J.: 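Before I ask anything, here is the structure I am working with.
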There are 2 protein chains.
Amino acid sequence: MSVRQESQNGGLSTDLAYQSIRAQILSGELEAGAWLRESELATQLGVSRTPVREALGRLVADGLAKHEPNRGVRVEEWTPRDLDEIYDLRLLLESHGAAMAALNPSTDVAMLGRLASEMSSITEQRHPDFGRLTELNNNFHSGLLEYSGSERLVTVVASIVQVPLVRQTFARYTQAELRRSMDHHHEIVSAVEAGDAQWAEAVMRAHLRAGWSAMHRHLVASRAK
Amino acid sequence: MSVRQESQNGGLSTDLAYQSIRAQILSGELEAGAWLRESELATQLGVSRTPVREALGRLVADGLAKHEPNRGVRVEEWTPRDLDEIYDLRLLLESHGAAMAALNPSTDVAMLGRLASEMSSITEQRHPDFGRLTELNNNFHSGLLEYSGSERLVTVVASIVQVPLVRQTFARYTQAELRRSMDHHHEIVSAVEAGDAQWAEAVMRAHLRAGWSAMHRHLVASRAK
DNA sequence: TTGGCCCGTATTCCATACAATCGTCCCTGA
DNA sequence: TCAGGGACGATTGTATGGAATACGGGCCAA
């Protein structure tokens, strides 16, 4: 919830359309491969086709949808290979960002620590609120990236990462994995607080790789069935 | 000329507008901060405002222009800091890509070698064709990236890199720097041919860092004037 | 002289009408 | 029965008109 899904361009109706359609894609309400018909969405949202077209263009640029000339726009489909590519890039970019944040004296360590703690306490409850957990996790990761000092790093990662986040990764974790993931967050905070770039980078690598591993295990399981 | 500037969506007029406006920005014909008026561009290109609006939206998504609500779109401005960020990311991503290409057995080493050779021969001429050199250089870099096997890596780098390339970096090089840059290309080919990922990665790092250094020298010089 | 308000103008933003294009279905003929 | 072709329908792509909004200049008052 951190960046880039609030209005980046002006139109009121355009933004409404963009937010709404995007939400429907990410929630799974619109499944992969489904057609995004301009007039249908327009009437559904109570606006004309023009802002819908504009919103669809942005979604295509985001990589969430695919344009087929003279045919229309449909929700992008994702293969396991795509997810591998994404995690590979996250590994590279986010660990780099963590290192830079550790070197940045104005990084708000306290805020990151609070996020990590709140996430921990959520996981200790009987029925964890995975939605809230995902939201806090996004805040943690993108917040850390912002302290890397590189605006582009934030936007690039945001443009890559949006898809797999929706898959409710946390809900797939075992209890041990969940706990380890939370521990990673605290360790990252410690590393940043210590100003130790290599430590921060290494923990972030481990953190993401662990997430990738859990996701991968689930993928092969679901493919087998 | 490698990727992502050919039509990614359908419209004929839309594509014309996109290509044309984009070219005007990259050539410097439209300078930073200039307003991109819909009707003006529409009449200039002989189309209506609608495809122009769509093209502007894509340019904003590309990061080449900036949208100001209810005011219009203007050409994005670039600070030296932006260029630093971009080179930082290129360093990270392209060196990683080079390493992966070295590990990929189906990488077309011969093609890369031909590109490197042709670039070398251009630089040895009395009046090198820097435009052609830039084009071949783009082909070399994006070609190498494609052999990394990660589609996303290609598109991500393409989305970041477009701006500084236009600044005719090669024309700023000293003779020695130009020669070193060409040598780097050949060395990268050797490393990839040897299947040595670490070698390829290291040379690519050096190659980009050298380019950054030359650009930086020029920036401080032009700022002093 | 200067600060603030009001209105005119230019421009975007949204809606709607029209044109072009593609897929599908039916019909025909072998 | 099946292959090929042509017209219909649905949907995108383009053009244009009208509503909303923000800037700039001029007027008024202190």
Side-chain angles (χ1 to χ4, degrees), chain A residues 4-25 30-77, chain B residues 4-25 30-77:
Chain A
R4 188 155 286 270
Q5 78 196 36
E6 68 277 7
S7 89
Q8 90 174 351
N9 80 6
L12 222 69
S13 306
T14 298
D15 257 10
L16 168 70
Y18 176 70
Q19 305 288 357
S20 177
I21 300 171
R22 184 186 146 97
Q24 289 186 43
I25 295 176
L30 285 167
E31 55 190 36
W35 285 106
L36 299 172
R37 299 287 173 207
E38 295 177 1
S39 17
E40 186 181 342
L41 292 166
T43 56
Q44 174 192 323
L45 299 170
V47 298
S48 86
R49 277 178 46 211
T50 307
V52 171
R53 269 183 78 81
E54 217 144 318
L56 290 179
R58 282 171 65 185
L59 291 167
V60 169
D62 288 351
L64 284 175
K66 189 170 180 292
H67 180 98
E68 303 186 10
N70 286 317
R71 304 263 299 129
V73 175
R74 51 167 58 188
V75 180
E76 183 71 86
E77 313 205 50
Chain B
R4 188 156 285 273
Q5 78 196 36
E6 69 277 3
S7 87
Q8 89 174 354
N9 79 7
L12 223 69
S13 307
T14 299
D15 259 9
L16 169 69
Y18 175 70
Q19 306 287 356
S20 178
I21 300 170
R22 182 187 148 96
Q24 289 187 44
I25 294 175
L30 283 166
E31 55 191 34
W35 286 106
L36 299 172
R37 301 285 173 208
E38 294 177 0
S39 18
E40 187 180 343
L41 292 166
T43 57
Q44 173 194 325
L45 299 171
V47 298
S48 85
R49 281 161 24 224
T50 307
V52 171
R53 267 185 79 80
E54 216 143 321
L56 292 180
R58 281 172 65 184
L59 291 167
V60 169
D62 288 351
L64 284 174
K66 188 171 180 293
H67 181 97
E68 302 186 12
N70 285 319
R71 304 262 300 127
V73 174
R74 50 167 58 187
V75 180
E76 184 70 84
E77 311 204 53

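The shown structure was predicted, so the numbers you read here are calculated from the model rather than taken from an experiment. Proteins get letters first, then strands, A, B, ... in listed order; numbering begins at 1 in each. Hydrogens, waters and symmetry mates are skipped; everything else that's a heavy atom, side chains included, is used.
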J.: What pair of heavy atoms forms the shortest contact from A55(B) to T14(B), and how long is it?
T.: CB-O, 4.1 Å
J.: Can you see which heavy atom on E77(A) is nearest to which on G33(A), and at what distance?
T.: CG-N, 3.9 Å
J.: Between protein and nucleotides 19-24 of chain C, map the contacts as a letter string: B base, S sugar-phosphate only, - none, heavy atoms under 4.0 Å, written 5' to 3'.
T.: --SSS-
J.: Can you check whether any acceptor in the base of dT16(D) is under 3.5 Å from a donor in the side chain of T50(B), or vice versa?
T.: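 Between dT16(D) and T50(B), which were checked side chain against base, a qualifying N/O pair under 3.5 Å is present.
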J.: Which atom pair, heavy atoms only, marks the closest approach of R22(A) to D62(A)?
T.: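 Of all heavy-atom pairs spanning R22(A) and D62(A), the closest is NH1-OD2, 4.3 Å.
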J.: Can you tell me if the side-chain N/O atoms of S13(A) get under 4.0 Å from OP1 or OP2 in dC14(C)?
T.: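 Answer yes for this pair, as a side-chain N or O of S13(A) is under 4.0 Å from OP1 or OP2.
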J.: Give, ordered by number, those residues of residues 30-47 of chain A having at least one heavy-atom distance below 4.0 Å to an atom of DNA chain D; if nothing qualifies, reply none.
T.: L36(A), R37(A), E38(A)
J.: Pairs under 3.5 angstrom, nitrogen or oxygen only, protein versus nucleotides 17-20 of chain D, please.
T.:
from	atom 1	to	atom 2	distance (Å)
dG17(D)	O6	R49(B)	NH2	2.7

J.: Counting just side-chain N and O atoms, does T14(A) come under 4.0 Å of either OP1 or OP2 of dC14(C)?
T.: yes
J.: Quick check: closest heavy atoms across V47(A) and L16(A), and the distance to 0.1 Å?
T.: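 That would be CG1-CD2, 4.3 Å.
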J.: Whether R53(A) and E38(A) form a salt bridge (side-chain N of Lys/Arg under 4.0 Å from carboxylate O of Asp/Glu) is what I want to check.
T.: yes
J.: Would you indicate, yes or no, if dT11(C) has its OP1 or OP2 atom less than 4.0 angstrom from a side-chain nitrogen or oxygen of H67(B)?
T.: no
J.: Does S20(B) reach the main-chain N or O of A17(B) with its side chain, forming a donor-acceptor pair under 3.5 Å?
T.: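 Checked: no pair found.
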